[in-house]
Amino acid sequence: MMTDLEQKIQRLPEDFSLAIEKTQLAENIDTTQITSEQAKQLLAPALGILTFHSNMKPHLDNGMNQNGIYYNNDYFRLYQAFVQFQKIFAQLFPNEVIPVSDVIEEGGMPSPPGSSIVPDKDRERNANMKAYRAWVEPLLTESNWAAFRRNIMVGERIMQLSNIVGQGILLMTKELSGSKLHLTFTNNEWEEFIQGLSQGRWDETIDWSHEENIETNQIIEGSLLVHELRLKFATHFWFTEQGRVVPLVERKAARAREKQNALAQSHHDHTVHNTTTPIASTSSSGGGGSNGS
């Protein structure tokens, strides 16, 4: 797996970045005092960025699909552009959308499974998508509305997963593709899966006896599965805060530091465990005294 990821990241173009062009409304704009034409002009930059990423053509050099595929980093950037558009649209047209209760951004998490928030969130999204459609659909020159909605959903799921285990998953294509994320789960199933992953509910489904690198005496907080996945996919190994590729030399140094820290932590945990273990006291019988007859 690690060798495969290294090969994939080495094939990325030199100017590769996960970042998108940023735009936002000026703080001194009073959106209640602007005309509809002014609002349209203010929305144009975010709308243009969103439709630029929506109209990206699929990659034809992968060989997995004759029609081409989108890579996970394509979905990732698309969803960033959608979140940006969504925020500015809500500022400009607050009466046309329902406030989204659970926008997934960096560090964000979905709603707890089994709660009424999940269907409520679906209703919010469907209502808001109707408001967005009049603006977005006419600009989808290389796509269509159904494909746009599907890609946004995949992008959200990729964003959620990368927030938990790291952006290294964006380098995967066969093992974790957009079509798999789309077809494998319903919305409710995905919410349950992603919450269960972060909470460690799937740890017991893994046979850890085959994992040689797991320190059995190391104290791990949270999910063991997430811990192991982060060792491979953690963002700081692969991408900088600006979305650029981390050089191989820096990645090797980061992994060496983490391995050294893990060994030190394991030694510390083992030492603390031994020093806090109560020692059973022994009492001598007979005490050297003599019994009278």
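In summary, the side chains of H236 and E258 do present a donor paired with an acceptor at a separation below 3.5 Å, with no hydrogens or angles considered. Between the side chains of R201 and Q199, a donor-acceptor pair is found at a separation under 3.5 Å. Using modelled atom types and a 3.5 Å distance limit, the side chains of R125 and N187 yield no donor-acceptor pair.
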N126 and R149: CA distance, side-chain angles, deciding distance, side-chain contact (heavy atoms from CB on, under 4.5 Å) verdict: CA-CA 10 Å; N126 290 334; R149 291 203 59 173; 2.8 Å; yes
Hey, mind stepping through Q84 and L50 against side-chain contact (heavy atoms from CB on, under 4.5 Å) and telling me if it holds? CA-CA 8 Å; Q84 179 172 257; L50 174 60; over 6 Å; no
Could you walk me through whether R251 and I9 pass the side-chain contact (heavy atoms from CB on, under 4.5 Å) check? CA-CA 12 Å; R251 182 162 48 258; I9 204 164; 3.6 Å; yes
Set out, in order, the CA-CA distance, both residues' side-chain angles and the distance that settles salt bridge (Lys or Arg N to Asp or Glu O under 4.0 Å) for K8 and E175, then state yes or no. CA-CA 13 Å; K8 288 178 178 178; E175 306 89 348; 3.8 Å; yes
Show your reasoning for whether side-chain contact (heavy atoms from CB on, under 4.5 Å) applies to S54 and L78. CA-CA 7 Å; S54 301; L78 172 62; 3.5 Å; yes
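Contact detail for K40 and W135: the closest heavy-atom pair is CG-CZ3, 3.7 Å. Contact detail for L12 and F239: the closest heavy-atom pair is CD1-CE2, 4.5 Å. In terms of heavy-atom proximity, A81 sits nearest to H53 at CB-CD2, 4.0 Å. Across every non-hydrogen atom of S223 and G200, the tightest pair is CB-CA, 3.5 Å. A pairwise comparison of heavy atoms in A131 and V97 identifies CB-CG1, 4.1 Å as the closest pair. Nearest heavy atom pair, residue A19 against residue R77, reads O-CD, 3.9 Å.
With D74 contributing its side chain and Y71 its backbone, the two residues share a donor-acceptor pair below 3.5 Å. S143 places no side-chain N or O within donor-acceptor distance of the main-chain N or O of A147, the cut-off being under 3.5 Å. Checked by atom type and distance alone, the side chain of E189 pairs as donor or acceptor with a backbone atom of T186 at under 3.5 Å. In terms of modelled atom types and a separation under 3.5 Å, the side chain of T51 and the main chain of G48 share a donor-acceptor contact. Using modelled atom types, no side-chain atom of N72 and backbone atom of S177 make a donor-acceptor pair closer than 3.5 Å. With hydrogens and angles disregarded, a donor-acceptor distance shorter than 3.5 Å links the side chain of N55 to the backbone of E142. The backbone N or O of F16 sits less than 3.5 Å from a side-chain atom of R244, completing a donor-acceptor pair. At distances below 3.5 Å, at least one donor-acceptor pair connects side-chain atoms of T235 with backbone N or O atoms of Q167. Side chain of D203 to main chain of L224: a donor-acceptor pair is present (N/O by atom type, distance under 3.5 Å, no hydrogens or angles). With Q80 contributing its side chain and L18 its backbone, the two residues share a donor-acceptor pair below 3.5 Å.
Connection of L47 to M56 is not established within any shared hydrophobic cluster, with ILVMFWY side chains joined at heavy-atom distances below 4.5 Å, either directly or through further cluster members. Note on L139: it clusters hydrophobically with Y79, by side-chain heavy-atom contacts below 4.5 Å among ILVMFWY residues. Cluster annotation: M172 and I164 are assigned to the same hydrophobic cluster (Ile/Leu/Val/Met/Phe/Trp/Tyr, side-chain heavy-atom contacts under 4.5 Å, transitive). Connection of L176 to W238 is established within a shared hydrophobic cluster, with ILVMFWY side chains joined at heavy-atom distances below 4.5 Å, either directly or through further cluster members. Cluster membership check: I49 does not share its hydrophobic cluster with I88, using side-chain heavy-atom separations under 4.5 Å among Ile, Leu, Val, Met, Phe, Trp and Tyr.
A distance of 11.0 Å separates OG of S198 from CG of L225, quoted to the nearest 0.5 Å. Atoms CD and NZ, from E96 and K130 in turn, are 14.0 Å apart once rounded to the nearest 0.5 Å. The distance from atom CD1 of I152 to atom CZ of R150, rounded to the nearest 0.5 Å, is 11.5 Å. Taking CD1 from I169 and OG from S162, the interatomic distance works out to 5.0 Å, rounded to the nearest 0.5 Å. Once rounded to the nearest 0.5 Å, the distance linking CD of Q7 with CG of L171 reads 12.0 Å. Once rounded to the nearest 0.5 Å, the distance linking CZ of F82 with CE of M129 reads 3.5 Å.
Taking the side chain as every heavy atom from C-beta outward, F52 and I20 never approach each other to under 4.5 Å. Inter-residue side-chain proximity for E191 and F185 is flagged as unmet; no heavy-atom pair is nearer than 4.5 Å. N144 places none of its side-chain heavy atoms less than 4.5 Å from the side chain of F148. At a threshold of 4.5 Å between non-hydrogen side-chain atoms, the residues T184 and F193 do not count as touching. No side-chain heavy atom of Y75 sits less than 4.5 Å from a side-chain heavy atom of L181. By the 4.5 Å heavy-atom criterion applied to side chains, T31 and L25 are counted as neighbours. Under the 4.5 Å side-chain criterion, counting only non-hydrogen atoms from C-beta, I206 is not in contact with E228. Looking only at side-chain heavy atoms (C-beta outward), L5 and F233 come within less than 4.5 Å of each other.
For F85, the ring pair (Phe, Tyr, Trp, His ring centres under 6.0 Å) partners are F89, Y132, not counting sequence neighbours.
Counted within 6.0 Å of CD on E21, heavy atoms from surrounding residues, nucleotides or ligands total 12 or fewer; the atom is thus considered open. Atom NZ of K180 has more than 12 neighbouring heavy atoms from other residues, nucleotides or ligands inside a 6.0 Å radius. Within a 6.0 Å sphere centred on CD of E204, heavy atoms belonging to other residues, nucleotides or ligands number 12 at most.
Geometric assessment of R255 against the ring of F237 yields a positive cation-pi assignment under the 6.0 Å and 45° thresholds.
The hydrophobic cluster analysis finds L183 isolated: no Ile, Leu, Val, Met, Phe, Trp or Tyr side chain comes under 4.5 Å of it, directly or through other members.
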